[in-house]
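What follows is a set of notes on a single structure, which appears directly below.
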Amino acid sequence: MTSSQTLYDVAIIGTGMGGSILGTILARQGLNVVMFEAACHPKFAIGESMILESSEALRLMAIQYDVPELAYFSSENYRAYVGNSHGVKRHFGFMHHQANHPHDPNHVLQAVIPREPYGHELHLYRQDSDYYFMSLAIRYGATVFQKTGIEAVDIADDCVNITTQKGTQFQAQYIVDAGGFRSLLAQKYDLRDYNLQVHSRSIFTHMIDVPSVHHAGPSQEEQGVLHSMFEGTLHHIFPGGWLWVIPFNNHKDSTNPLCSVGLMLDPRQHPKPEGLSAQEEFDQFVQKYPSIHEHLKEGKPVRDWVSTGRIQYSSKRVVGDRFCLLGHAAGFIDPLFSRGLYITFASITVLAQKLIDAHQTQDYSRQAFLSVEDLTLKFLHTNDRLVANAYRSFQDHRLWTLYAINWILGAYLELLKLGEGRAVYEKTGDPASLKVYENYHLSMLGGGFEPYERLHDDINRLMESLDPHQEFDFDAAANSFAANQNGSQLEVTLNAIRERYNEAQWIPPSIKNLMLDKKYLDPRLRNFLRVWKQRHSENAYWQYFFGHLSTRSLLWHLLKDKWRYSAHQLTRTKLQNFRQLERFPSNLTVPPPRASVVVQDVSVASG
């Protein structure tokens, strides 16, 4: 058995996006970091749909921790930096279906992502994005071992002892497990918690030859939406589940013909059949929905299908003395609203600072890291309730549309609070303003705004008051609703939800308009800021989200961001940097790495 002679500050298990971003930040801040990857990059991963909050979290971390490259995946405008293997995301698109019926073009919803000021979002081709971030960690000085699984972790009072599967030993002051569901530390300490509301299983792969849904069904004009469904993350939703379609080839510059396709099913309503392969089950299921079948019938898988059991889990604890679970090692709910990466990024934002502080104080106790656990579990539980009630709403397209307003509103407010932190920092230079998650006790939706939190709770209680048996017998429920439209439980719930929204005068008009059969969220900024018509001093919404900024400061910040993050300016900056590097190859913008990637298990780490 051989041992490394280096005592590392932090060891990280897993070099997916979460582990690699954390390793990059810590190495940039001067910590000695070692990272272990059981597989080898590039490698397949899902979790491919970015959202506004995830992108703003990356921009926040890029500034807070002086790693500008973290922002490269925050917008389509960075494609000159990250390449054209990624798709564009101009919206969250939803098409509601009923079994054995063609899709009704009126049963659509499009949560449009504003183009200004940052550009639209990305569909991440994870084998490229994750490889990039691991390479970035190396560039900033982390030591990385690929094809190096971990056999054992023993946490002593004064350090962490790590043994690889080939017997090599390492020591670190602290260990972060970013190894996903099969987290070694979660298993070691029996931390898994399965007491969650959501029940779903998954079947997924990557395909080629998946056309735009408009080629096989209603046109964009017939649906009355702002963008083609092909230009965003498409969700086919139906009672008891949903199906994602995430194209990487949906823009003219794409070099990637693939499309991510996955089916999510509640096993209580759609139990896993015996004797069928994953592809056979997928094909058999989508035939129940004529429009979905027509959309995907020409698609061809390029890799083996993956079929899972129930995928929901959380953790009894996230931190302990000298250890932390990060990302999917801590928990996972369901990819419906693409919250997984955001939860991971939020946890990294807080955890990185705690580790930097601990490097100075040498306090690696559980108590010193409790805020990371509080945030992670709070976000997971918020997501669990959100997704569980979304599944309930799939029984009726009207109920789904109303419940989706709750999600859209919460996401918008969360984005506002994150953006305010960066805007205040730009105005004052106070780095404390970037600690948004700790300053405002965010919970994944609503930005910590109490009126939203009360509304969110009311809407969820109304959803949870619906007869749980109706969600598992759609035809019977539909007949019941049709028999007594005015007095049914569904109609009572629909009216009560509408009433709650109407009472909340602070909700932006563009979001409220979704109650009026508007099929897409109008992304124009003026529709979100019409609260200016009220006196600022009398407007709790304005005071909470914009009270630290004058109207002039806010508009100036948005204008500067529009210029700073424009495709033209970013491409121009990249060209300037390349020319400078070409003329002065030793003039790097970051220190040279202390270690290089190691693709096999070796006895002693370099650096």
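Just so you know, these numbers come straight off a predicted model, no measurement behind them. Side chains included, hydrogens not; waters and symmetry mates left out as well; all remaining heavy atoms used.
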Looking only at non-hydrogen atoms, find the nearest pair between [X] and [Y] and report the distance.
X    : Y    : answer
H235 : L336 : NE2-O, 3.2 Å
H295 : L234 : CE1-CD2, 3.7 Å
Y391 : S200 : OH-CB, 3.5 Å
L243 : V286 : CD1-CG1, 3.9 Å
M50  : F73  : CE-O, 3.5 Å
V245 : L296 : CG2-CD2, 4.3 Å

Checking side-chain hydrogen bond (donor to acceptor under 3.5 Å, both in side chains) between E48 and each of H86, H206, R126, which is the one that passes?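 It is H206; the other options fail the test.
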Would a distance-only check, ignoring hydrogens and angles, find a side-chain to backbone donor-acceptor pair under 3.5 Å from [X] to [Y]?
X    : Y    : value
S254 : F248 : yes
N256 : G87  : no
E222 : S219 : yes
T205 : R303 : yes
S315 : V318 : no
Y541 : P451 : no
D130 : G16  : no
R90  : L226 : no
T376 : V372 : yes
E76  : G119 : no

Is the shortest side-chain heavy-atom distance between [X] and [Y] below 4.5 Å?
X    : Y    : answer
T344 : M17  : no
L377 : H381 : yes
T233 : E121 : no
H91  : V225 : no
Q284 : L276 : yes
E231 : H251 : no
F204 : T308 : yes
E281 : K272 : yes

In a check of ring-ring contact (aromatic ring centres under 6.0 Å, His included) between H236 and each of H107, H103, H96, H97, which one passes?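 With H236 as partner, ring-ring contact (aromatic ring centres under 6.0 Å, His included) holds for just one option, H97.
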From [atom1] ([X]) to [atom2] ([Y]), nearest 0.5 Å:
X    : Y    : atom1 : atom2 : answer
I311 : L196 : CD1   : CG    : 11.0 Å
I405 : L514 : CD1   : CG    : 5.0 Å
I408 : I507 : CD1   : CD1   : 11.5 Å
W244 : F92  : CH2   : CZ    : 13.5 Å
L326 : I343 : CG    : CD1   : 11.5 Å
R317 : D193 : CZ    : CG    : 13.0 Å

Who are the side chain to side chain donor-acceptor pair (under 3.5 Å) partners of S338, not counting sequence neighbours? S49
State which residues pass side-chain contact (heavy atoms from CB on, under 4.5 Å) with [X]; sequence neighbours excluded, sorted by chain then number.
X    : answer
P102 : S291
K300 : I208, D209
A186 : S183, L191, R192, L325
H215 : P211, S212

Cation-pi, Y194 ring and R310 (6.0 angstrom, 45 degrees):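 Because its charged atom misses either the 6.0 Å distance or the 45° angle limit, R310 does not stack over Y194.
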Who pairs with [X] by ring pair (Phe, Tyr, Trp, His ring centres under 6.0 Å), at least two apart in sequence or on another chain?
X    : answer
F282 : W305
H120 : H227
F337 : W407
F230 : none

Quick check on side-chain contact (heavy atoms from CB on, under 4.5 Å): which of L380, T349, V350 does L375 satisfy it with?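 Between L375 and the candidates, side-chain contact (heavy atoms from CB on, under 4.5 Å) is satisfied uniquely by V350.
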Throw together a table of side-chain donor-acceptor distances under 3.5 angstrom for residues 436-449, partners on residues two or more places apart or in other chains.
| unit_1 | atom_1 | unit_2 | atom_2 | d |
| --- | --- | --- | --- | --- |
| Y437 | OH | Y342 | OH | 3.4 |
| N439 | ND2 | A432 | O | 2.9 |
| N439 | ND2 | K435 | O | 3.0 |

Considering only NZ, NE, NH1 and NH2 on the basic side and carboxylate oxygens on the acidic side, decide whether R59 and D561 come within less than 4.0 Å.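 No.
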Assess whether a salt bridge exists between R500 and E503, defined as any Lys/Arg side-chain N lying under 4.0 Å from an Asp/Glu carboxylate O. no
Donor on one side chain, acceptor on other, [X] and [Y], under 3.5 Å:
X    : Y    : answer
Y520 : N513 : no
N77  : Y118 : no
N460 : H456 : yes

Can you list the residues that meet the salt bridge (Lys or Arg N to Asp or Glu O under 4.0 Å) rule with E414, with sequence neighbours excluded? none
Partners passing salt bridge (Lys or Arg N to Asp or Glu O under 4.0 Å) against R385 (at least two apart in sequence or in another chain):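 Per chain and number, R385 pairs via salt bridge (Lys or Arg N to Asp or Glu O under 4.0 Å) with D457, E464.
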What do you reckon, is NZ of K562 surrounded by more than 12 foreign heavy atoms closer than 6.0 Å? no
Centre-to-centre under 6.0 Å for F285 and F238, is that the case here?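 Yes.
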One pair to check against salt bridge (charged side-chain N to carboxylate O under 4.0 Å, His left out): K417 and E53. What are the steps and the verdict? CA-CA 10 Å; K417 204 61 188 173; E53 303 95 291; over 6 Å; no
Which is it for Y403 and L399 under the side-chain contact (heavy atoms from CB on, under 4.5 Å) test, yes or no, and what are the steps along the way? CA-CA 6 Å; Y403 190 70; L399 187 62; 5.6 Å; no
